[in-house]
Amino acid sequence: MSTLSPGLRPPPVRPAAVAVAPEPRAARFRLSPADRDVLWLYLLTRISLWITAHFARWLFPAQSGVRETAPVLAPFQRWDANHYLHIARDGYFPAGAGPWTSGWDNREAFFPGYPFLLRAVHTVVPDWTAAGLLISSAAGAVAVLALARIARAYLPEEGAGHRTVVLFLLSPCAVFLAAGYTEALFLAFALPAWLAAMKHRWALAAVLTTLGTAVRVSGLFLAAAIGLLFLLSVRGGGGRRTWWSAGWTLLPALPPAAYSWYLHAHTGDWMAWKHAQERGWYRTFHTPWEAWANTWTGAFGGTQSTGYAFMFQAELAAMLVGLALVALLVRRRRWPEAVYVALSLWALGTSYWYTSVPRATLLWWPLWIGLAALSLRRPWFRTVYLCVAAPVTTLVALTFLTGRWAG
């Protein structure tokens, strides 16, 4: 007997001998009323965020006493968004500069998918920041649609997709879905890839995952999860073409391999992107307990300013959420999802200290589906979540939009 709860039970695996009629092409792209509701919700939250950004320019200027506000889009052009802009505009090694140059910004740490798309969109949208916001806005719309459809496949309750998207868009780090960062674009590939894999459309899932690996190294974690899902479907007798489709699971390795080859050609280092992360963001390998101890010291040891200490506290909290999520997925025997989140935690939890774990929660779609399931069965949880998430989400958004995110 299955040990999965009703809300987390996967769609039934179809026997290989049963011919399944393909889904009509038109139906794949048709928006249902539930889809339109999700898009309206997405649009309203974008408007809310833009209003917050507009007033933040007036109320929290970079310097006191100024009489002119920053440009309208300035709140969104922060930190990593600047790295992507520089790569898209100047390339990875402009004028022969590189890791051998004093003051180098370690831009090769960032995968080329997003900068490449940013440069392409910039040919139509002259302003770099506006081009990045357009990418994130369009990608975010695709992501929430796919997330809602995945949630409806997992959860039997009416309104499951809408509820999942609400919790996701009000999550503490949701501001990064709107900024010129890679989270929205990655999810626009990763979530449809997972949806395709759930339907045993392995070729489509592989192509979408390959696009994801061009954007973030997290795409390799997704590829591992989809590969495991494929093996489980074959073991269960499901899916047509069975082992013939296995070759598709190797396709996502191509973008990281090509990027490593490109970096080696310019630097002589096959792992130049990883070494750039180590130089710029303390991502040298440390055991998980060392990383926890170093982050704990930063959070509560009095070694950092209050702003940085708060960031380290958020890192610890997000890591605990991730560990609890993996434990729950293992308990529910959701092995592919557990592999995906566990690999993410391993990558983030073996640096000198934790970096970007709160942002990574945006990529853990099982988290938002699980919280939606809990809120649908325990109405009080939705109230508690919204009361806690609303101020935290607003605080994080203001922290980022006013240039105070890094402490």
Side-chain angles (χ1 to χ4, degrees), residues 2 4 7-16 18 20-25 27-29 113 139 142-155 160-161 164 168 185-256 325-326 329-330 332-344 362-370:
S2 172
L4 300 181
L8 291 177
R9 186 172 294 123
V13 176
R14 302 185 181 99
V18 178
V20 180
E23 184 181 12
R25 183 178 299 272
R28 297 173 191 169
F29 303 101
V142 173
V144 296
L145 276 178
L147 178 61
R149 292 182 179 184
I150 293 173
R152 289 196 290 268
Y154 276 68
L155 304 178
T164 301
F168 173 67
L185 183 60
F186 175 77
L187 288 172
F189 296 133
L191 294 178
W194 189 256
L195 193 60
M198 291 172 62
K199 298 177 180 179
H200 297 169
R201 299 173 63 193
W202 304 114
L204 178 59
V207 171
L208 291 170
T209 304
T210 300
L211 293 173
T213 57
V215 176
R216 295 176 64 99
V217 71
S218 308
L220 294 177
F221 311 153
L222 174 66
I226 289 180
L228 179 56
L229 186 62
F230 172 80
L231 292 176
L232 293 176
S233 72
V234 172
R235 180 183 177 186
R240 292 173 293 176
R241 305 179 187 178
T242 57
W243 289 109
W244 181 88
S245 300
W248 287 107
T249 61
L250 303 177
L251 189 63
L254 289 181
L325 176 61
V326 171
L329 291 171
V330 170
R332 302 293 187 185
R333 298 187 180 181
R334 301 296 305 181
W335 306 117
E337 294 92 331
V339 164
Y340 172 72
V341 180
L343 288 175
S344 175
L362 294 171
L363 311 183
W364 302 340
W365 71 87
L367 172 63
W368 310 112
I369 295 174

With a 6.0 Å cut-off on ring centres, are Tyr340 and Trp365 close enough?
yes

Closest non-hydrogen contact found for Leu343 with Ala224 is CD1-CB, 3.8 Å

Rounding to 0.5 Å, atoms CZ (Arg149) and CG (Leu145) come to a distance of 6.0 Å

Heavy-atom nearest pair, Trp202 first then Ser233, reads CZ2-OG, 3.3 Å

* Decide side chain to side chain donor-acceptor pair (under 3.5 Å) for Arg334 and Tyr154; before the verdict, give the C-alpha distance in whole Å, the side-chain angles of both, and the deciding distance to 0.1 Å. => CA-CA 11 Å; Arg334 301 296 305 181; Tyr154 276 68; 3.0 Å; yes

In terms of heavy-atom contacts, Met198 and Leu229 come closest through N-CD2, 4.2 Å

The single option from Leu185, Leu187, Leu363 that satisfies side-chain contact (heavy atoms from CB on, under 4.5 Å) with Arg216 is Leu363

One should read off an interatomic distance between Leu325 CG and Ser344 OG, to the nearest 0.5 angstrom, of 10.0 Å

Minimal heavy-atom distance between Gly161 and Arg152, with the atoms involved, is N-CG, 3.8 Å

message = Quick one, Pro255 and Thr210 - any side-chain contact, counting heavy atoms below 4.5 Å?
response = yes

TODO: Look at the side chain of Thr213 and the backbone N and O of Pro252, then say whether any donor-acceptor pair between them is shorter than 3.5 Å.
DONE: yes

Closest heavy-atom pair, Leu362 versus Phe168, reported as atoms and distance to 0.1 Å, is O-CE1, 3.4 Å

Rounding to 0.5 Å, atoms CD (Glu337) and CG (Leu367) come to a distance of 12.5 Å

Residues Trp194 and Ala225: closest non-hydrogen pair is CZ3-CB, 3.9 Å

Exactly one of Ile150, Leu211, Thr209, Leu208 clears side-chain contact (heavy atoms from CB on, under 4.5 Å) with Pro192, and that residue is Leu208

